[in-house]
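Note that the numbering runs from 1 along the sequence shown for the chain. Because the structure is a prediction, the values reported are computed rather than measured. Whatever order the structure lists them in is the order used to number ligands and atoms, beginning at 1.
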Amino acid sequence: MEKLRIAIQKSGRLSEKSLLLLKEAGISLNNGSRKLRSVAQTFPLEVIYLRDDDIPQYVEDGVAHIGIVGENEYAEKECKVDLVERLAYSRCRLSIAVPKSESYESLEDLNGKRIATSYPVILEKYLQEHGVKADIHILSGSVELAPSIGMADAIFDIVSSGSTLISNGLKEVEVIMRSEAVVIANQNLDADIQAILYDLIFRIRSVMAASNNKYILLNAPNENLQEIINTIPGMKSPTVMPLAESGWSSVHSVLSEKEFWSVIDRLRELGAQGILVIPIEKMIV
Ligand code: ATP
Ligand code: MG
């Protein structure tokens, strides 16, 4: 049987989470030590491990059918591949930063400046769209050092917490792009491979939905039951069962992580007791 070949970053900020995602999707890999390639036991999938920079091209060429990369690499490489799923991890932004001591009012201040970056394509496009003419210096790493050694007046780089910028005496002045891990796919997959891909994406969505949701159980006083039900709508609607003690009901439902604390506070106001919140392992969406 044919196997879906997926390219994953060999070692870096995407590797661990990408492998964990596959594992949670029920795909176990026999990669004890670092290999270049591994074959899944329980799913028609083969993994090849590459530098993230190379993944878009390998997917365009069909060497890998699909790949997981940062959206920034997908945008930078401009390869002919499809973005098929957003994965919500390895979130970061790509920003312009200048030395803390420099005054900065607007993008126009970058006219005639030297900007160091590993993402020249994204930067060039953005500057062009905004009518700014700057010198782009391409560096493959340690971009944040460039201003302090006199190689550049500004940088365009990945930022997550911003602490790297601060420790290099820089301040973030423009956010140009937001990025997360994404699945990209070759544009000419044959039907068999396409079917395996759909199956994989279905599993990935179930894993992501589960991690965004909690199972909640609580005891509700019947006089506030309807309002409590309205507070936690759940997937379809909550399950409600009478308690042995009259005047009380047990309510079971699903709650999304985002609204979690506000909902819990409201439930307590409505007299809910014995609230239990339980992680969901898989959620079939
Ligand atoms: P490689 O050796 O494979 O070329 P790399 O050094 O280019 O690796 P990493 O630093 O491992 O890349 O980052 C991989 C991706 O993770 C980036 O392209 C970006 O999408 C995301 N990323 C980078 N830095 C962070 C961060 N601090 N927080 C969250 N995500 C990040
Ligand atoms: Mg790289």
Side-chain angles (χ1 to χ4, degrees), residues 5-24 29 31 33-38 46-61 63-64 66-79 81-97 115-126 136-147 152 154-185 204 207-208 211-212 257:
R5 192 176 304 126
I6 181 171
I8 283 179
Q9 189 188 24
K10 184 165 163 51
S11 101
R13 291 180 190 271
L14 290 163
S15 315
E16 216 171 288
K17 285 193 177 134
S18 301
L19 290 172
L20 180 64
L21 178 65
L22 291 181
K23 190 175 161 200
E24 287 175 342
L29 297 165
N31 60 333
S33 57
R34 281 265 159 220
K35 288 202 229 164
L36 295 177
R37 183 172 164 265
S38 51
E46 182 184 352
V47 181
I48 55 175
Y49 301 96
L50 299 170
R51 284 202 56 190
D52 68 344
D53 313 56
D54 298 332
I55 292 176
Q57 190 63 54
Y58 272 66
V59 171
E60 179 180 322
D61 295 345
V63 177
I66 64 170
I68 297 180
V69 287
E71 205 174 339
N72 50 309
E73 279 307 327
Y74 163 73
E76 177 66 22
K77 295 299 188 291
E78 296 188 305
C79 285
V81 297
D82 291 332
L83 195 166
V84 295
E85 189 70 22
R86 297 178 170 278
L87 298 174
Y89 58 84
S90 300
R91 285 187 194 276
C92 57
R93 52 193 191 272
L94 273 73
S95 296
I96 294 177
I115 310 175
T117 187
S118 310
Y119 298 95
V121 171
I122 298 171
L123 179 60
E124 175 76 55
K125 223 187 214 169
Y126 187 85
I136 299 178
H137 285 235
I138 304 172
L139 293 179
S140 59
S142 305
V143 171
E144 64 282 358
L145 288 179
I155 66 164
F156 172 59
D157 202 9
I158 290 177
V159 181
S160 60
S161 69
S163 58
T164 309
L165 292 183
I166 292 169
S167 64
N168 284 285
L170 300 168
K171 63 180 175 191
E172 185 175 4
V173 293
E174 303 281 350
V175 177
I176 289 179
M177 165 179 192
R178 294 189 187 272
S179 174
E180 65 190 295
V182 295
V183 179
I184 54 172
I204 286 176
V207 171
M208 292 198 301
S211 72
N212 289 334
E257 189 85 79

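Closest to atom 2 (O) of ligand 1 among all protein heavy atoms lies Arg51 NE, 3.4 Å. Closest to atom 18 (O) of ligand 1 among all protein heavy atoms lies Asn72 ND2, 2.9 Å. In terms of protein heavy-atom proximity, atom 8 (O) of ligand 1 is nearest to Gln9 NE2, 2.8 Å. Counting only heavy atoms of the protein, atom 29 (C) of ligand 1 lies nearest to Arg91 O, 3.2 Å. For atom 31 (C) of ligand 1, the closest non-hydrogen atom on the protein side is Arg13 CD, 3.6 Å. Summary of contacts: the protein heavy atom closest to atom 1 (P) of ligand 1 is Asp52 OD1, 3.4 Å.
Numbered from 1 in the order shown, with element, the atoms of ligand 1 that lie under 4.0 Å from a heavy atom of Ile158 read 17 (C), 19 (C), 23 (C), 24 (N), 25 (C). Every atom of ligand 1 with a heavy atom of Gly12 under 4.0 Å away is listed here by number and element: 11 (O).
Backbone and side-chain nitrogen or oxygen atoms of Glu73 are examined, and none is located within less than 3.5 angstrom of a nitrogen or oxygen of ligand 1.
With hydrogens and angles ignored, the 3.5 Å screen pairs no side-chain donor or acceptor of Glu71 with any backbone N or O of Ser179. The main-chain N or O of Leu14 is found under 3.5 Å from a side-chain atom of Gln9 such that the two form a donor-acceptor pair. A distance-only check finds no donor-acceptor pair linking the side chain of Thr117 to the backbone of Ile138 [under 3.5 Å]. No donor-acceptor distance shorter than 3.5 angstrom exists from the side chain of Arg5 to the backbone of Val47, with no hydrogens or angles considered.
Contact between Ile66 and Ala185 at its shortest, heavy atoms only, is CG2-CB, 3.7 Å. Taking each heavy atom of Ile55 and Ile8 in turn, the nearest pair found is CD1-C, 3.8 Å. Taking every heavy atom of both residues into account, Ala146 and Ala116 meet most closely at CB-CB, 3.7 Å. When all heavy atoms of Ser160 and Arg91 are compared, the pair lying nearest together is CB-O, 4.3 Å. When all heavy atoms are compared, the tightest approach of Ile155 to Val143 is CG2-O, 3.4 Å.
Shown here, atom 6 (O) of ligand 1 is out of close reach of the protein: none of its heavy atoms lies under 4.0 Å off.
Protein N/O/S atoms closer than 2.8 Å to the Mg ion (ligand 2): Asp52 OD1, Asp53 OD1.
Just one residue in the list Glu78, Glu76, Met177 forms a side-chain contact (heavy atoms from CB on, under 4.5 Å) with Lys125, and that residue is Glu78.
In the candidate list Ser160, Gly70, Ser11, Ser160 is nearest to atom 27 (N) of ligand 1, counting heavy atoms.
Tyr49 is not listed as a side-chain neighbour of Ser11, based on a closest heavy-atom distance of 4.5 Å or more.
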